[in-house]
Amino acid sequence: MRQTVENFLCPQIKTLFEKSIGDKFFNGIEEIRMRAQKPIIIKNNNSKWTITNHFTLTKEILQGYVITQKNLFDTLELITNYSPYAFENEIKNGFITISGGHRIGFCGEAVIENGQIKTIRNINSINFRIAHEIKNCALPIIKFIRYPNFMNTIIISPPGSGKTTMLRDAVRLLSSEFNISVIDERSEIGGCYMGIIQNDLGLHTDLLDSCPKSLGMIMMLRTMSPQIIAVDEIGTIDDANAILNITSCGVKIICTAHGKDLNDIKNRDEIKHLISKKIFERYIILDSDKVGKIKNIYDENLNEVNCTC
Amino acid sequence: MLIKIAGIILICTSSTFLGIYHVMKIKFHIRDLNLLSNALEILKSEIEFGITPLNEATENISKHSSDFIKEFFLHMNKLLEEKRLCASQIWLNATSTLNKTYIDSQDIEIVKSFANVISNLDRNLQIESLNKIILSLQKKILELENQYQNEKKLYYNLGFLLGLLTIIIFV
């Protein structure tokens with residue numbers, strides 16, 4: 001993992017990493033943030049670190065190596081394999097997935113054409129989000145969603161609380177028994193790179209990468225005859241309609257949504273409709289304070305399911 | 001006497017060859033410019049239609065070409081895979097392989113200009129830049145072809161006549 005990530009850092013930053021960070025620390029890195037004219041920030045196990053010009057790791061962020069525009073430019077060249085034109089769509093969407101399933105987000109000046117983002121230029125910030133597969137993290141929820149039959153499930157939590165990681169592992173675990181189709185609009189579940197799924201999604205999983213969820217769900221329903229469809233972060237009416245469509249065809253759904261708790265999502269138009277139709281049979285609410293911890297589980301009538309996890 | 005005749009033949013032949021070489025230099029220059037222009041045309045297509053990353057594009061072109069074009073794109077591919085230099089430096093470095101050809105420094109300067117936009121986010125800018133370079137090279141080819149037609153006979157004859165003059169003066 002270390003070599004994969006370091007290969008995408010510009011030579012100057014790469015040297016800083018090589019000389020100051022051990023393998024153990026590197027394996028715990030969640031994010032590497034590079035902002036122009038600001039110190040480099042490394043997020044490791046929820047704490048923020050920086051590297052000084054003297055190759056030492058410190059929590060005193062202001063002492064950190066200050067990222068230059070050239071560092072960002074050189075890093076972007078490496079990320080895009082010296083060919084930004086080949087990543088036009090990814091840059092437009094603001095992120096690129098690299099081998100290993102790690103995601104690199106960009107920020108800069110958006111160029112607008114006909115009301116749509118054409119590209120992002122003058123990149124001033126790059127964020128490496130290091131993918132961590134946590135195998136078996138979904139084991140505690142499997143018994144609540146799997147038996148007697150698989151139940152339509154939605155995993156709810158605020159950003160950064162482990163929804164996608166849990167969904168990914170749930171897909172992997174369920175894949176031993178079911179044919180699963182994953183629609184990975186933002187390449188977060190499978191971390192697809194050059195068409196190859198980088199994360200372990202199990203033996204019986206088909207993945208449609210970079211496709212809008214609503215279109216992908218219908219496409220997979222018609223083409224791959226899945227028993228379960230998995231999508232991350234539903235958020236539009238189109239997504240909700242597609243879920244209605246596939247569930248009415250007898251295909252099960254497992255998905256995630258942003259939200260603090262059940263009340264939070266009850267008021268959202270796209271989900272309200274699905275709740276009233278009792279589409280979801282299990283609502284898994286994750287704890288916002290502790291990543292990956294299950295807070296509550298509710299059934300289709302929004303009654304709490306007794307879970308001692 | 002025999003030595004004199006041999007000397008006369010030698011002088012005449014070598015001066016004629018000098019004339020021919022001068023003309024052939026223009027022809028080789030045209031050939032090399034044509035090869036380079038075609039290769040850049042393929043590179044443009046790889047960027048425009050294939051949206052192929054540079055490392056793959058350079059590998060593809062080097063596979064299907066020969067001579068100095070192969071060397072140019074192989075060298076570039078090697079530098080791209082090494083990931084030590086930035087894209088513009090890689091392009092400039094690769095153009096140094098053109099020094100060994102009949103392409104002159106003026107043409108090389110034109111080719112070098114692509115380094116300014118090679119890693120630009122806007123694909124159209126790269127395509128436009130390549131178009132301009134190809135157009136400049138084509139213009140140069142036309143000029144050289146005219147020059148070749150005009151100077152071909154002149155230099156052939158001039159070479160021979162120079163030899164003849166040398167013989168008259170010395171013999």
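Protein chains get the first letters and strands the later ones, always in sequence-line order, with residue 1 at the start of each. The structure displayed is predicted, hence computed values, not measured ones. Side chains included, hydrogens not; waters and symmetry mates left out as well; all remaining heavy atoms used.
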Set of side chain to side chain contact (heavy atoms under 4.5 Å, CB included) partners for B:Ile42, sequence neighbours left out: B:Glu46, B:Ile61

Any A:Tyr82 side-chain heavy atom under 4.5 Å of B:Asn55 side chain: no

Interatomic distance, B:Ile51 atom CD1 to A:Asn89 atom CG [nearest 0.5 angstrom]: 8.0 Å

Separation of A:Glu88 CD from B:Asp122 CG (nearest 0.5 Å): 7.0 Å

Minimal non-hydrogen separation, B:Ser119 against A:Glu77, with atom names: OG-OE2, 2.6 Å

Residue part contacting chain B, namely of A:Phe73, when any heavy atom lies under 4.5 Å: side chain

Residues, nucleotides or ligands: over 12 heavy atoms within 6.0 Å of B:Lys78 NZ: no

Student check: side-chain heavy atoms of B:Leu54 and A:Tyr85 closer than 4.5 Å: yes

CD/A:Glu109: more than 12 non-hydrogen atoms of other groups inside 6.0 Å: yes

Residue pair A:Asp74 / B:Cys86: nearest heavy atoms and the distance that separates them: OD1-CB, 4.1 Å

Structural part of B:Leu85 lying under 4.5 Å from a heavy atom of chain A: backbone

Proximity breakdown for B:Ile118 and chain A, heavy-atom pairs closer than 4.5 Å: backbone

B:Lys83 to A:Phe8 six-membered ring, cation-pi geometry met (6.0 Å, 45°): yes

Which portion of B:Glu81 sits near chain A, non-hydrogen atoms under 4.5 angstrom: neither

Side-chain touch A:Ile120/B:Leu121, heavy atoms, less than 4.5 angstrom: no

Within 6.0 Å of NZ in A:Lys38, more than 12 heavy atoms from elsewhere: no

